[in-house]
Amino acid sequence: MKAEYVTYRNESPYPFCPGCSHTLILDRLNAALGKLQLDPHKVVIVTDIGCSGLSDQYFKTNAFHGLHGRAITYASGMKLANPELKVIVIMGDGGCGIGGHHLLSAARRNIGISVLVLNNFNYGMTGGQHSVTTPHGGITSTTRLGNLERPLDIARTVAANGASYVVRTTAFDKELPNLIAEAILHEGFSLLDIWELCAAYYVPNNTLNRRTLEDLITRLEMRTGVIQKEERDEYARAYRKQTALQIGKPTLRSKSLEPHFKTGLDHPIRIVIAGAAGQKVVSTAALLGTGAVLSGLYATRRDDYPVTVMTGHSVSEVILSPEEIFYTGIEQPDLFLGLAPEGMKFSRRQFAALTERSTLYIRRDLLPIETRARTIPLDMGRVSKKEAAIVAVAAMLHHADLYPMPALQEAIRLKQRPEIAGETVRAIENSSKVIAFG
Amino acid sequence: MRSEFVEFVDGSQAIARGALAAGCNFFAGYPITPASPILHHMIRELPKVGGVAIQGEDEISSIGMCIGAAMTGAKSMTATSGPGMSLYSENIGLAIMGEVPLVIVDVMRLGPATGGATTVGQGDVQFVRWGTSGGYPIIALCPTNPRECYDLTIQSFKLAERFRCPVFLLTDREVVATMSTIKIAEYQETAQSHDQAPIVEKSGDDAFVPYGINSPAEIPHLSPIGGPHLTRFTGSTHDELGFLTKDPDKVARLNQHLAAKIEARRDEIESVFSDLQQGATTLVVSYGITARSAIEAVHIARQQGKKVSYLVVYSLWPVPENAITRALNGIERVVVPELNLGQYCLELKRLANSASSSPRPDVIGVHRVDGELISPQQILEAIR
Ligand SMILES: Cc1ncc(C[n+]2csc(CCOP(=O)(O)OP(=O)(O)O)c2C)c(N)n1
Ligand SMILES: [Mg+2]
């Protein structure tokens, strides 16, 4: 039999000002926990910053006291990692302002945490400044002549964004223990927007009291009571349900290659492939490198393309070497593949650095071009755009004799899906013909 | 290297694999070039090991979720680039203060603000060190290639758990995105994590002292929220029980502890590769992608008959002072190439100033901030 938890409060007296409703609400939370008889080891009270943020220290449960406005993020992480936990967030109206996005996201996810907003219309801890819930006209230390902003309707905002249990009430509501208990039991995201009195600031500055607090709600036309209650999949469980079939699938492993082709290459070769989006330059460069690796060489590949990936240049730099490669940059390419004006423009500095000892493989339609490099025109007339890079690379491989063609073919079969690999291998079969007199 | 098994891989994959090998089971991150490939890998991979990976609504929530998860016992990691690091700042402080084991991957780009999203830079070196208020130490490791990405990711998890503090894996666009050939046999780290001494069980719910230590350098035990003990976490100045305090003795003890636990164990963290030549008067000190240029420059210099020593720093923070001081012995000229306006060279200057040799070695920075890599040639010119 489980022991009965008489109270979840510890011995420490509350620190709050006389007349501050935080005291009242924490007693109601204690009553709610008492009703539910939850194992305190499975309960964590997550507090924000502010007077309300002091709350976790008065309970015999687990406690987490984080940063201003971010309580919901820690609470979400805990619930995601351990869905068994009952995660109760206590935050102020101030926290709901600075951390507003977290409030919306938690509601949209319907993540199973319960948020108690101790809504006293101002920042108690820092000297009674206005908050997102200060009523229009409200006097605070930063709205001395009256607040010009409209208050945020926290309850209806989270309700509109997917929170599945939402209540608005006051700290004086006799039903509060039941409402909090219901929120904690609720599977999805629950929030109680609890209006209350800040005895130090908002009350004296605005002659607010228990009675006028209720009038205020009426005046602002904000409904009290249960505003939303529905059953929707809770996020942490929904995530586990959705990913259940993934468990045990093989994880990312090294694609280990055994070099078994031979090459006579005895010095580093630096290659620039200057193309355009859609020519599959980057994946082709990876194939070129993989083929080299299968031939016992070291390889590196670095790329550049704009963030708008479907347009503009696409350039890869590949180094092949019998020795380990440290520096991956290329100042002076040995081989330069000119496949598109965009890439030629981007790599103009490397192009300008070509010497008599370099070889330029270039699409015939990009000629004439001034260069000191030995120029090999590529007749790519009937080659489709997406095969441009691989056909040109294969032609270069033939011509420059970097490593055996079967190594590139094997790289293609290793890296591409079978249907695609077949097509690619066919496409490069006649690649030597793109070099005139090749 | 014929007939040895090898792979052709980039750093993002190696980091993800390192995280999996270390037992990572929680990841939250917000998309940002050039760190997004890590997010994608983790989103795809973690469900396979029963873990959770999620895209947060922003960087603040991403690191926040990681911290929350870590305190329930998850092995957490997040990854971002400069702008996201700025948003992590306050929570880095929380992780330091609350003693959270957390791995943060920073894939550096160039420049302040949005800077160059797809351009390489090494401008966050001092930023990770001093990236939050208060000025307390963190640990940062810095790989130069995919193999080290894997090894140092595992090492980051070990250190994060051992020290209960955020550990940064400081990488850059080039290290993460460039593919290189790696010999499989050269991967060093194997999956195993730091063994905490068992928590001494006492009876009663008040028995566990979440921040209980007997000496300033001791590292408190972490009992996960939801586990066998009632426990408390806080980012405010606290006593051993995790309650807020202003008692000067307790306040001093806590703040000194946060530094002492790292200071006292610098040896456990210190990690460099050094290749010192007898009689060399020039030392090249480098890290990250730039170390690859430095190594090549030194090879060329040696072929030219020059005597040059070099040191690659893996554990950027705390500064591996023992190894560097040893390497400075007899050195007249220290060359520090980095893709910023001179950040780690400040540390070298500090150490060179207290070097025992006389005259004190000159520290020469080689800098580049145009988005290109520092070439071996540039370093050679500084080696002379
Ligand atoms: C990032 C940050 N900005 C500002 C503060 C200062 N601060 C502490 S509490 C607080 C407002 C708290 O107001 P609220 O959430 O309404 O709680 P209350 O004190 O009214 O219970 C502020 C702005 C902080 N701690 N952190
Ligand atoms: Mg308030």
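Here is how names work: the chains are called A, B, and so on, in the same order as the sequence lines, proteins then strands, and each is numbered from 1. Just so it is clear, the structure is predicted and the values come from calculations on it, not from any experiment.
Of the two parts of A53(B), the backbone and the side chain both hold a non-hydrogen atom closer than 4.5 Å to a non-hydrogen atom of chain A. No part of A28(B) comes within reach of chain A, as not one of its non-hydrogen atoms sits under 4.5 angstrom from that chain. Looking at D56(A), both its backbone and its side chain come within 4.5 Å of chain B, counting heavy atoms on both sides. The parts of F243(B) that come within reach of chain A are both its backbone and its side chain, each placing non-hydrogen atoms under 4.5 angstrom from that chain. With a 4.5 Å cut-off on non-hydrogen atoms, I54(B) touches chain A through its side chain but not through its backbone. Proximity to chain B involves both the backbone and the side chain of A286(A), based on heavy atoms less than 4.5 angstrom apart. Residue V43(A): no heavy atom, backbone or side chain, is found under 4.5 Å from chain B. Using a 4.5 Å cut-off between heavy atoms, L245(A) makes no contact with chain B at all. E331(A) touches chain B through its side chain: at least one heavy atom from C-beta onward sits under 4.5 Å away, while N, CA, C and O do not. For a residue to count as touching a neighbouring chain, one of its non-hydrogen atoms must lie under 4.5 Å from one of that chain's; by this rule H41(B) touches chain A with the side chain only. Contact of F59(A) with chain B is made through the backbone alone, with heavy-atom distances under 4.5 Å. With a 4.5 Å cut-off on non-hydrogen atoms, I225(B) touches chain A through its backbone and its side chain both. Heavy atoms closer than 4.5 Å to chain B are found in the backbone of T61(A), but not in its side chain. The contact between T72(B) and chain A is made entirely by side chain atoms (from C-beta outward), counting heavy-atom distances below 4.5 Å. For chain A, no part of V9(B) is nearby; none of its heavy atoms comes within less than 4.5 Å. Interface remark: R240(A) contributes side-chain atoms only to the contact with chain B (heavy atom separation under 4.5 Å). Residue R70(A) touches chain B through its side chain alone, counting heavy-atom pairs closer than 4.5 Å.
A salt bridge links R109(A) with E57(B): the distance from a Lys NZ or Arg NE/NH1/NH2 to an Asp or Glu carboxylate oxygen falls below 4.0 Å.
Separation of atoms NZ (K255(A)) and CD (Q13(B)) is listed at 5.5 Å; rounding is to 0.5 Å. Remark: T178(B) OG1 to I319(A) CD1 distance equals 9.5 Å, nearest 0.5 Å. From F8(B), atom CZ reaches atom CG of L257(A) across 9.5 Å, with rounding to the nearest 0.5 Å. The distance from atom CG of N91(B) to atom CG of L67(A), rounded to the nearest 0.5 Å, is 4.5 Å. Taking CD of E59(B) as the start and OG1 of T73(A) as the end, the distance is 13.0 Å to the nearest 0.5 Å. Residue E296(B) holds its CD atom at 9.0 Å from CD1 of I325(A), rounded to the nearest 0.5 Å.
Ring geometry for F233(B) against F64(A) counts as parallel: the plane angle stays under 30°, on a 0 to 90° scale with 60° as the upper cut.
Taking 4.5 Å as the limit, some side-chain heavy atom of P40(A) sits within range of a side-chain heavy atom of L230(B). Side chains of M71(B) and Y74(A) form no contact here, defined as non-hydrogen atoms less than 4.5 Å apart. Taking 4.5 Å as the limit, some side-chain heavy atom of K183(B) sits within range of a side-chain heavy atom of Y298(A). Two residues are said to be in side-chain contact when any heavy atoms from C-beta on lie closer than 4.5 Å; E324(A) and I295(B) fail this criterion.
Donor-acceptor pairing under 3.5 Å is recorded for the side chains of H65(A) and S236(B).
Of all the listed residues (K86(A), R253(A), R108(A), R301(A)), the one sharing the greatest number of non-hydrogen pairs under 4.5 Å with chain B is R301(A). Heavy-atom pairs under 4.5 Å with chain A peak, among E90(B), M179(B), E7(B), at M179(B). Note: L80(A) leads D303(A), V318(A), L80(A) in heavy-atom pairs under 4.5 Å with chain B. Top candidate by heavy-atom pairs under 4.5 Å with chain B, chosen from S254(A), G329(A), G248(A), G69(A), is S254(A). Ranked by heavy-atom pairs under 4.5 Å with chain A, the list S76(B), G226(B), G235(B) is led by G226(B). Among M65(B), Q377(B), E372(B), K48(B), the residue with the largest count of heavy-atom pairs under 4.5 Å with chain A is K48(B). Counting heavy-atom pairs closer than 4.5 Å to chain A, the top-ranked of the candidates I184(B), T118(B), I60(B) is I60(B). Comparing S293(B), C66(B), A294(B) by heavy-atom pairs within less than 4.5 Å of chain A, the highest count is held by S293(B). When each of G64(B), S180(B), A177(B) is checked for heavy-atom pairs under 4.5 Å with chain A, G64(B) comes out on top. Of the listed residues (E84(A), Q242(A), K249(A), H102(A)), the greatest number of heavy-atom pairs within a distance under 4.5 Å of chain B belongs to H102(A). Ranked by heavy-atom pairs under 4.5 Å with chain B, the first of T243(A), T251(A), V46(A) is T251(A).
Residues I247(A) and P47(B) approach most closely at CG1-O, 3.4 Å, considering heavy atoms. Considering every non-hydrogen atom in both V52(B) and Y239(A), the closest pair reads CA-OH, 3.6 Å. The two residues A81(A) and A74(B) have their closest heavy-atom pair at CB-CB, 4.3 Å.
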Run the numbers on Q57(A) and T234(B) for side-chain contact (heavy atoms from CB on, under 4.5 Å), then give the verdict.
-> CA-CA 10 Å; Q57(A) 299 182 97; T234(B) 177; over 6 Å; no
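In the displayed structure, Y305(A) atom OH is contacted under 6.0 Å by at most 12 heavy atoms of other residues, nucleotides or ligands. Few gaps surround CZ on F26(B); more than 12 heavy atoms of other groups in view lie less than 6.0 Å from it.
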